[in-house]
2 protein chains.
Amino acid sequence: MSDLAAALEVVGARWALLIVERLLDGPQRYGDLQRELGVPTNMLAIRLRELEAAGVLSRLPLKHNTRAYALTDRGLALRAAIVALGRWGAEQVRTANKGRDPGDHGGGVADA
Amino acid sequence: MSDLAAALEVVGARWALLIVERLLDGPQRYGDLQRELGVPTNMLAIRLRELEAAGVLSRLPLKHNTRAYALTDRGLALRAAIVALGRWGAEQVRTANKGRDPGDHGGGVADA
DNA sequence: CGGAGAACTTGTATTTTGCAAGTGTGAGCC
DNA sequence: GGCTCACACTTGCAAAATACAAGTTCTCCG
């Protein structure tokens, strides 16, 4: 199995990479992830469990019965891949507006 | 929708990125992709159609009724992302051999 | 105690994926 | 010309993943 296939086994499932992307901004709580991503709640629960089991993220207990999810080192190591894919997606979006788009000429590569 | 989400709409489906990875080595034929990836034939047909529609790859007609699939510029632009994800996957594989592995520190590709 | 917010779980419909078998087309052989 | 073969798919159906909606548990607050 190729390295890429190994990576996709962990973060190839639907929503997984998007969850990690949100977490790159710092720890988030369950409800925040759900609202910002629009992911179905049962899927979110499953993904968080899988990603925790894979060592990509960990749960930090907060007050009361709440917790936050934070990336581990292994999760943070995904930043390069996520940025690369995001850049490609941005180009995709720009050229998806087929035809010319007069008025936009800024070098708009949304950097990170 | 984030740039990452846009990217995943195109190459987030199962097998899509693996197909593109194979194509980074140059144009391939249908049968080659199927045998090397082990992807079900109907999935391969669907993915190739979608990726072509998305402008990621194109078909080149060869002799008689055979053709080859080759990446477009847009497809080639995925190389950086694929390499980054592949690197991450490689680390994943190495540390998946949890615990210490005394004596082995070479490029031991453990699994099959 | 009653209600509200957070983090899930459970049940069921819908979509995606996988497996096996079949179709069409042109080449090569006889 | 008819047969077989490889290639590039298509089709039918079962299994798995995903989505949607509702319910559950826990804790704090009043």
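Order of the sequence lines sets the chain letters (A, B, ...), proteins ahead of strands, with each chain counted from 1.
- Listed nucleotides: dT16(C), dC20(D), dT10(D). Nearest to the side chain of Arg14(A): dT16(C).
- Rounding to whole angstrom units, CE of residue Met43(B) and C1' of dT15(C) are separated by 11 Å.
- Scanning for salt bridge (charged side-chain N to carboxylate O under 4.0 Å, His left out) contacts around Glu9(A) gives an empty result, with sequence neighbours left out.
- Put simply, the side chain of Val83(A) does not reach to within 4.5 Å of the side chain of Leu24(A), judged on heavy atoms.
- Under 4.0 angstrom from either OP1 or OP2 of dA19(D) there lies at least one side-chain N or O belonging to Trp15(A).
- Under 3.5 Å, the side chains of Tyr30(A) and Thr41(A) contain a donor-acceptor pair of N or O atoms.
- Atom C1' of nucleotide dA20(C) and atom CG of Leu44(B) are separated by 16 Å, given to the nearest angstrom.
- In this structure the side chain of Leu4(A) reaches within 4.5 angstrom of the side chain of Leu18(B), judged on heavy atoms.
- Atom CG in Asn42(B) sits roughly 10 Å away from atom C1' in dC9(D) (whole-Å rounding).
- A heavy atom closer than 4.0 Å to some atom of DNA chain C occurs in Arg29(A), Tyr30(A), Gly31(A), these being the qualifying members of residues 27-39 of chain A.
- At dC8(C), one or more side-chain N or O atoms of Arg67(A) fall inside 4.0 Å of OP1 or OP2 (strictly under the cut-off).
- The side chain of Arg49(B) contributes an N or O atom lying less than 4.0 Å from OP1 or OP2 of dT10(D).
- The phosphate of dT16(C) has neither OP1 nor OP2 within less than 4.0 Å of any side-chain N or O from Arg47(B).
- Of all heavy-atom pairs spanning Ala90(B) and Asp3(A), the tightest one is CB-OD2, 3.4 Å.
- Mapping Thr41(B) and Glu50(A) onto DNA chain D by nearest heavy atom places Thr41(B) at the nucleotide closer to the 5' end.
- Residues Val56(A) and Leu44(A) fall within the same hydrophobic cluster, defined by Ile, Leu, Val, Met, Phe, Trp and Tyr side chains chained together at heavy-atom separations under 4.5 Å.
- Residues Leu51(A) and Tyr69(A) fail the side-chain proximity criterion, which asks for heavy atoms closer than 4.5 Å.
- Nearest-nucleotide mapping onto DNA chain C: of Leu48(A) and Ile46(B), the residue sitting toward the 5' end is Leu48(A).
- Put simply, CG on Leu18(A) is 16 Å from C1' on dA19(D), counting in whole angstrom units.
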Test side chain to side chain contact (heavy atoms under 4.5 Å, CB included) applied to Val39(B) and Arg47(B), step by step: CA-CA 10 Å; Val39(B) 49; Arg47(B) 286 294 105 85; over 6 Å; no
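- Checked against dT11(D), dA21(D), dC8(C), the side chain of Arg59(A) finds its nearest nucleotide in dC8(C).
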Per-nucleotide protein contact string for nucleotides 23-30 of chain D, where B marks a base within reach and S marks sugar-phosphate only (heavy atoms under 4.0 Å, - for neither): ---BSS--
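- Of the charged side-chain nitrogens involved, none lies within less than 4.0 Å of a carboxylate oxygen, so that Arg94(A) and Glu91(A) do not count as a salt-bridged pair.
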